[in-house]
Amino acid sequence: MAEQDNTNTNNGTPERTDFIRQIVIDDNKTGKWDNRVHTRFPPEPNGYLHIGHAKSICLNFGIAAEFGGKCNLRFDDTNPSKEEQEYVDSIVYDVKWLGWDWQDRLFFASGYFEQMYQWALDLIRKGAAYVCDLNGDQVREHRGTLTQPGKESPYRNRSVQENLDLFERMRKGEFPDGSRTLRAKIDMAHPNLNMRDPIMYRIMHTSHHRTGDAWCIYPTYDWSHGLEDSIEGITHSICTLEFENHRPLYDWFLDQLGIYHPQQIEFARLNLTYTVMSKRKLLQLVKDNFVNGWDDPRMPTISGMRRRGFSPSGVRSFAKVIGVNKTNSTVDVALLEHCIREDLNKSSPRVMAVLKPLKVVITNYPDDQVEWMDAVNNPEDPSAGTRKVPFSKVLYIEQDDFMENPPSKFFRLSPGKEVRLRYAYFIKCEKAVKDAAGNIVELHCTYDPATRGGDSPDGRKVKATLHWVADSNALDAEIRLYSHLFTKENPEDTPEGEHFTTNLNPDSLQVLTGCKVEPHVKETRALDRWQFERMGYFCTDSDSRNGKLVFNRTLTLKDTWAKIQQKG
RNA sequence: UGGGGAAUGGUGUAAUGGUAGCACGGAUGGCUCUGGACCAUCUAGUUGGGGUUCGAGUCCCUAUUCCCCAGCCA
C-alpha cells in the first residue's frame, strides 16, 4: 500500500463503549459466543464507498480489533443488474486505504449461491416456501397496505412435489424474468409487511460479474443475508436502522433452517451537514457532471476525501469521536474538519506557497544574490528536520498580506510598516507601484541585513510574519480551492417542487493558476500532503506533472483574521 | 389511521437510581518567527405533563414530535 500512515492502533481494549460494544462485552461475560467476536462489513458493489460507510467499516473492523476478533470483507452481490467489478475494486482499495485488514477473509455472497439453493429446497420440503406465479403488480396488490392485511396467493398451497419441480425449472431457465418467484410461507396478515410471504428468489436472466451465466435466479437480501452471516460464523451482524423491520425475517429464516444464528444489531447511519449521502444522489452528481467523478475532492466519498488530502487516521478518528447509537442525527461537518486538521497538523510537512502572488523587489538587496535560508519542516515534529529555502531580490508575497490603507487590526504589510519574512529578514515597505488603472502591481521594500534568519539583534518586534516565495527557483503551480458542495446545511431543504441540486454551491471549486511554490516540493507525487504555511493543508493532485504542479486545498487553517474581517 | 424505532446545550456524544460530563462550534484572554498550533476561562442541555422514590436524564403512566416499512433494491 502506498500510504505510510495507514496502520491503526485500534487494538486492545475499547476506549469508549457504545451500546453495541456493550452488547459484545455482555456476550463475552455470559460466554454467549464462546468469547468469539466476528463481524463483517457487507457492501453491495453498486457504487463507491462514502464517509457513512467509513463509520460502518470502523465500527465493524474496530470492534473486531478491540476484542481480539475477526472482521470479514464480504460483498453482498445478489443483484447482478446493479453491480460491477469496478465497484468491487474501488471498495477493496478504499477499505485497505482506511487501514483495515481482512487477511484471507474476502468473501462474496455469490460464492454461497449453491448452498443457499439447497437451503431453499429444505424450506420447500418443510412446506415453508412455495413457487408463486403472480407477477410484480399482482404481488403488490396481494400484499395489502400498512393498515390492511394482504391476500394469500392462489399458488400458496401447491404440493411440495410441484414446488420442487417448478423451482428446479426456474433454476434451469425455463421461465422468463418476473414470471415466477420463490416465496416464504409466513403470514399475509402480519402487521410487519416484510413478513407477508417475502420473496426469496427472483428470475433474472442477467450475467453476474462473478458467476457469469451460471444462474438465472438470484436470492433477495432478506433471504440471503442471514445465511451469509451464518455460513461465516458471524457473531454480531451490525447494520443500519432501516433493517430493524427486517430482523424478524432474518431470525425466521435461520430458525426455520435450524442453522447457526448470529445476532443482528442496528445503528443509525451517518448524516453530515452541507452534503448528501445517499448512493443515488451521489451517483446523480457524477452522472450529471455536477462534479468531476466519484473521486472529485468535493465528494463525501472515500476516494474523494483521499484525493482532497484527508488522512486515513483523521477519518478514523472522526469515526471514533461521533460514536454509535440509534438516534437519527446530522453531524456538523466542522467536526470532521476538526479531526482532519488535528491529524494533519501533526503529520504534514510545512512549506511556503503563495496562492495569489504580489511581486516584491528588495531594493537594497544585491541583484544576483541567492541565499539559502534554514526552515523547519514541522514544528510539531522535530524529527521531520529542516530544509533550505532560497531568498532573492525579487520575491512574492500574498496579495492579501498587503493593504495600502489598512484598518487598525491589520498587522501585515502596508506603506512604511515592517514585517518579518518567515525564516528570512525583516522588510519594510517603501513604495507601492501602481499601473495606469491604479492597481498595485509591485512593492518596493528594503530589508535589514541584521535580521537574517528572522530575528532582530536590537530586540525590535514586528507584528506579523509573512510567508513568501523567492522568484529564484520558484515552481509554478495550479491550486484548486474547495468549499462546501452545497450552500445549505441540509441540501434537501428546497422550495416546493425543487431538487436538491438547486442548493449546489456555484463556488465550491475555484482554480488558481500562476501560484508560486518553493522548490522543496519539486519531486512531489500524487497524494503527498503538505501544509502551505498560513494558507492551509494541501495535497498533490493526480493531475500533477513534472513542471506543472497541481495541488488541492484540503482545508484552510483556522483563520482568526478572516473572522475579524467578517465582523467588519 | 397497522407495525417497528428514537427523543440530553447550536451540533455530536457520556452519565447503567446518587454532583448532568466530554468534544465540536461560538465568545474572551494568554503565548507565538504560521493571525496556525498550544494553553486558560466562559457559553449553553435532560421534549411536555403527571407519578414512584430520601433521591429520576435513568423506573412507571400519559402526551407530543421525529425516523423507518406497502421493490422480484440493499
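Remember, it's a predicted structure, so these values are computed and weren't measured experimentally.
- Between A:Phe538 and A:Phe532, the ring planes are parallel. Angles under 30° get that label, and only those over 60° would be called perpendicular.
- B:G71 and B:G18 have their P atoms separated by 47 Å, with the value rounded to a whole Å.
- A:Tyr447 pairs by the ring pair (Phe, Tyr, Trp, His ring centres under 6.0 Å) definition with A:Tyr365, A:Tyr425, not counting sequence neighbours.
- Applying the 3.5 Å distance criterion, the base of B:C68 shares a donor-acceptor pair with the side chain of A:Asn245.
- Ring geometry for A:Trp530 against A:His520 counts as perpendicular: the plane angle is over 60°, on a 0 to 90° scale with 30° as the lower cut.
- Using a cut-off of 4.0 Å between Lys/Arg side-chain N and Asp/Glu carboxylate O, A:Glu398 and A:Arg412 are scored as not salt-bridged.
- When all heavy atoms of A:Val419 and A:Val462 are compared, the closest pair comes out as CA-CG2, 3.5 Å.
- With P as the reference atom, B:A56 and B:G48 are 15 Å apart, rounded to whole Å.
- Judged by distance alone with a 3.5 Å cut-off, a donor-acceptor contact links the side chain of A:His246 to the base of B:A74.
- Across A:Glu518, A:Glu533, A:Arg534, a single residue satisfies side-chain hydrogen bond (donor to acceptor under 3.5 Å, both in side chains) together with A:His467, and that is A:Arg534.
- Looking at A:Glu380, its side chain comes within 3.5 Å of the base of B:G36 through a donor and an acceptor atom.
- Contact annotation: A:Arg202 reaches the phosphate of B:A74 (side-chain N/O to OP1 or OP2, under 4.0 Å).
- Atom NZ of A:Lys279 is separated from atom C1' of B:C73 by 10 Å (rounded to the nearest Å).
- Within the 4.0 Å cut-off from OP1 or OP2 of B:C67, not a single side-chain nitrogen or oxygen of A:Lys326 is found.
- Summary of the strand contacts: A:Gln148 and A:Tyr221 both lie near RNA chain B, and taking for each the nucleotide with the nearest heavy atom, the more 5' one is attributed to A:Gln148.
- One P atom belongs to B:U47, the other to B:G12, and the distance between them is 13 Å to the nearest Å.
- Results of the ring-ring contact (aromatic ring centres under 6.0 Å, His included) test with A:Tyr201 over A:Tyr218, A:Phe167, A:Trp215 single out A:Phe167 as the only residue that passes.
- Contact annotation: A:His338 reaches the phosphate of B:C24 (side-chain N/O to OP1 or OP2, under 4.0 Å).
- In this structure, A:Thr330 does not reach the B:G12 phosphate: none of its side-chain N or O atoms is under 4.0 Å from OP1 or OP2.
- In this structure, B:G51 shows a glycosidic angle more than 90 degrees from zero, which is the anti conformation.
- Nucleotides B:G36 and B:G29 are separated by 13 Å at their P atoms, to the nearest Å.
- For A:Asn325, a side-chain nitrogen or oxygen approaches OP1 or OP2 of B:U13 to under 4.0 Å.
- Nucleotides B:G21 and B:U43 have their P atoms positioned 11 Å apart, rounded to a whole Å.
- Look at A:Arg412 and you won't find any side-chain N or O under 4.0 angstrom from OP1 or OP2 of B:U34.
- Closest contact between the side chain of A:Val331 and the listed nucleotides B:C68, B:U16, B:G12 involves B:G12.
- Searching all strands for a Watson-Crick or G-U wobble partner of B:U8 with both distances below 3.5 Å returns nothing.
- For A:Thr220, no side-chain nitrogen or oxygen approaches OP1 or OP2 of B:C73 to under 4.0 Å.
- Relative to the ring axis of A:Phe426, A:Arg420 does not place its NZ or CZ within 45° and under 6.0 Å from the centre.
- Under 4.0 angstrom from either OP1 or OP2 of B:U34 there lies no side-chain N or O belonging to A:Arg350.
- In this structure B:G48 sits in a base pair with B:U62, meeting the Watson-Crick or G-U test at under 3.5 Å.
- Here, B:G2 and B:C24 have their P atoms 45 Å apart, quoted to the whole Å.
- Considering A:Val354, A:Ile397, A:Val360 in turn, A:Ile397 is the only one that fulfils the side-chain contact (heavy atoms from CB on, under 4.5 Å) rule with A:Leu466.
- A:Phe243 does not qualify as a stacking partner of the B:A74 base, lacking a centre-to-centre distance under 5.5 Å together with planes within 30°.
- Residue A:Met195 contributes atom CE, which lies 16 Å from atom C1' of B:A70 at whole-angstrom precision.
- B:G51 and B:U19 are spaced 25 Å apart, taking the C1' atom of each and rounding to whole Å.
- OP1 and OP2 of B:A37 both lie 4.0 Å or more from every side-chain N or O belonging to A:Lys346.
- A straight line from CZ of A:Arg247 to C1' of B:G5 spans 10 Å, rounded to a whole angstrom.
- Look at CD on A:Glu398: it is 13 Å from C1' on B:U34, rounded to the nearest Å.
- Nearest-nucleotide positions on RNA chain B for A:Asn328 and A:Ser81 put A:Asn328 closer to the 5' end.
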Give me the distances for all protein-to-nucleotides 41-46 of chain B N/O pairs that come in under 3.5 Å?
none

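- Between A:Arg341 and B:G36 there is no side-chain polar atom (N or O) within less than 4.0 angstrom of OP1 or OP2.
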